[in-house]
Structures are given as C-alpha cells and as structure tokens.
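Contents: one structure, followed by commentary.
Keep in mind that what you see is a predicted model, and the values were worked out from it rather than measured.
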Amino acid sequence: IARRSLALNTLVVVLGCLTTPFYIARAIDDVHGKEEILYLSENDHLAIGWLRERTTPNTLILSSYHQCNKLSAQLNRRFILGHWGFSPNKPMLTRICEGLLRAEYTPSTTKSLLTEYQVDLIYVPAEFEAAAIPYFEGMPGIHFVFRSGDVHIFSVERVERG
C-alpha cells in the first residue's frame, strides 16, 4: 500500500509539474487578450464622466465594437455595438461603424447611415483618431463636443424622417 501511495503521489506531482507551464501560458494569454478589451484610459474615464452628465440612457452612441464593449460596462447608455447591443447584424454593423470611423464613406452615405441608425453621438477612440477627426469636423450636421487627449466625441444633428 505504501508503494502504491508513493507511486500515486509521485504521478500527481509529475503531472502537476508538466501541466503547470500550460496553465501559466493560458493565464497570460487570457490576461493580455482581455486587457485590450477591458482597459480604459484616463481619457476614456473623463469622457464617460462627460457622457454621464450630459446624456440620458436613451442616447445612442456609435463607436468601434471594442470601445462600445468597454463603455457599456461603465455607462448605462445605448450603444450601436457591443455587449449590450448584440444582434444578428453584429458583423455588418461592425463593418459599417468601423468604416465610418475610418472615413471610408462619402459624406452623403455617412449622413444617411447616421440618420438610419438614429445616432446621437460618435465616440472616436484613439485608434481611429487620425482618419475620423478631420472627416467628421468638416461634415455639416456633425459638431465636435468633447475632447480629452486622444478621445473625441461628436454630436449628430437629428434629421426627422418623414
């Protein structure tokens, strides 16, 4: 019995030693993968405070999928994408929203899409700053309303559909 017990204990220790590096590697991957999704910069926190003070829960905010995920965890508002905005159209909406933030559409198409989805605010995260800021600044009906470092927010004039 002592030999069996010793053999079993040895086997458990050896298996534990052999599998530990895999668990450590997996934990590191999990942390780094989630960090990108969950990390909020100081500028994001300032923008969230601004949004909390100046918007209502019915305000619809457009941003990238990852940014909407981060914001929706902190702010009780409607987002066109993200955890609280799951829909069967997520892949299509992701392409549209990121296309808007990359300035890939003509101004008339942009206005049409913003009207169709009834967007109130556009939250421009840092990774889209270079393309989106000059694009939205020059567009009629879209007004710059907040900036903190590399985070910008634009207001969209609502056009009533007839």
remark   = Those residues at least two apart in sequence (or on a different chain) that pass side-chain hydrogen bond (donor to acceptor under 3.5 Å, both in side chains) with Asp120 are Arg158

query = Using a distance-only test with no angle check, is there a side-chain donor-acceptor pair under 3.5 angstrom linking Arg77 and Thr55?
reply = yes

remark   = Output for pair (Glu53 CD, Ile48 CD1), nearest 0.5 Å, gives 12.5 Å

message = Is it the case that the side chain of Arg52 and the backbone of Gln74 share a donor-acceptor pair, with hydrogens and angles ignored and the cut-off at 3.5 Å?
response = yes

For residues 122-129, which side-chain N or O atoms pair as donor and acceptor with protein atoms under 3.5 Å away, sequence neighbours left out?
{"from": "Tyr123", "atom 1": "OH", "to": "Asp44", "atom 2": "OD1", "distance (Å)": "2.7"}

task = For residues Leu100 and Val119, determine if any side-chain heavy atom of one lies less than 4.5 Å from a side-chain heavy atom of the other.
result = no

ask   = Could you state the interatomic distance from CZ (Arg78) to CD (Gln118), rounded to the nearest 0.5 Å?
value = 7.5 Å

ask   = Do Phe79 and Leu71 come within less than 4.5 Å of each other through their side chains, counting heavy atoms only?
value = yes

ask   = Does the side chain of Thr109 pick up a donor-acceptor pair with the side chain of Thr106 at under 3.5 Å?
value = yes

query = Would you call Thr10 and Val13 a side-chain contact if the rule is heavy atoms closer than 4.5 Å?
reply = no

key: Spacing of Leu51 atom CG and Leu46 atom CG [to the nearest 0.5 Å]   = 11.0 Å

query = Roughly how far apart are Leu81 CG and Gln67 CD, rounded to 0.5 Å?
reply = 11.5 Å

query = How are the rings of Phe144 and Phe154 set relative to one another: parallel (under 30°), tilted (30 to 60°) or perpendicular (over 60°)?
reply = perpendicular

query = At their closest point, which heavy atom of Ser63 faces which heavy atom of Ile80, and how far apart are they?
reply = N-CG2, 4.3 Å

remark   = Here the pair of heavy atoms bringing Ser155 nearest to Leu121 is CA-CD2, 3.7 Å

request  = Please report the closest heavy-atom contact between Ser64 and Leu101, naming both atoms and the distance.
outcome  = N-CD1, 3.5 Å

request  = Look up atom CZ in Arg95 and atom CD in Glu104, then write down how far apart they are to the nearest 0.5 Å.
outcome  = 11.5 Å

request  = With side chain to side chain contact (heavy atoms under 4.5 Å, CB included) as the test, would you mind laying out the steps for Leu15 and Val12 before giving the verdict?
outcome  = CA-CA 5 Å; Leu15 286 175; Val12 168; 6.0 Å; no

ask   = Can you tell me how far the CZ atom of Arg4 sits from the CG atom of Asn9, to the nearest 0.5 Å?
value = 14.0 Å

ask   = Are Met92 and Leu114 connected in a single hydrophobic cluster, I mean Ile/Leu/Val/Met/Phe/Trp/Tyr linked by side-chain heavy atoms less than 4.5 Å apart?
value = yes

request  = Quick one: closest heavy-atom pair of Lys111 and Glu157, and the distance?
outcome  = NZ-O, 4.3 Å

Please output the side-chain donor-acceptor pairs of residues 130-138 that fall under 3.5 Å, not counting sequence neighbours, one pair per line with the distance.
{"from": "Tyr135", "atom 1": "OH", "to": "Tyr105", "atom 2": "O", "distance (Å)": "2.7"}
{"from": "Tyr135", "atom 1": "OH", "to": "Thr110", "atom 2": "OG1", "distance (Å)": "2.2"}

task = Show your working on side chain to side chain contact (heavy atoms under 4.5 Å, CB included) between Tyr117 and Leu62 and close with a plain yes or no.
result = CA-CA 9 Å; Tyr117 293 115; Leu62 179 142; 6.0 Å; no

request  = Test Trp50 against Val145 for side chain to side chain contact (heavy atoms under 4.5 Å, CB included), laying out the working first.
outcome  = CA-CA 10 Å; Trp50 185 91; Val145 293; 3.5 Å; yes

query = Hey, are the side chains of Ile61 and Cys68 touching, using non-hydrogen atoms and a 4.5 Å cut-off?
reply = no

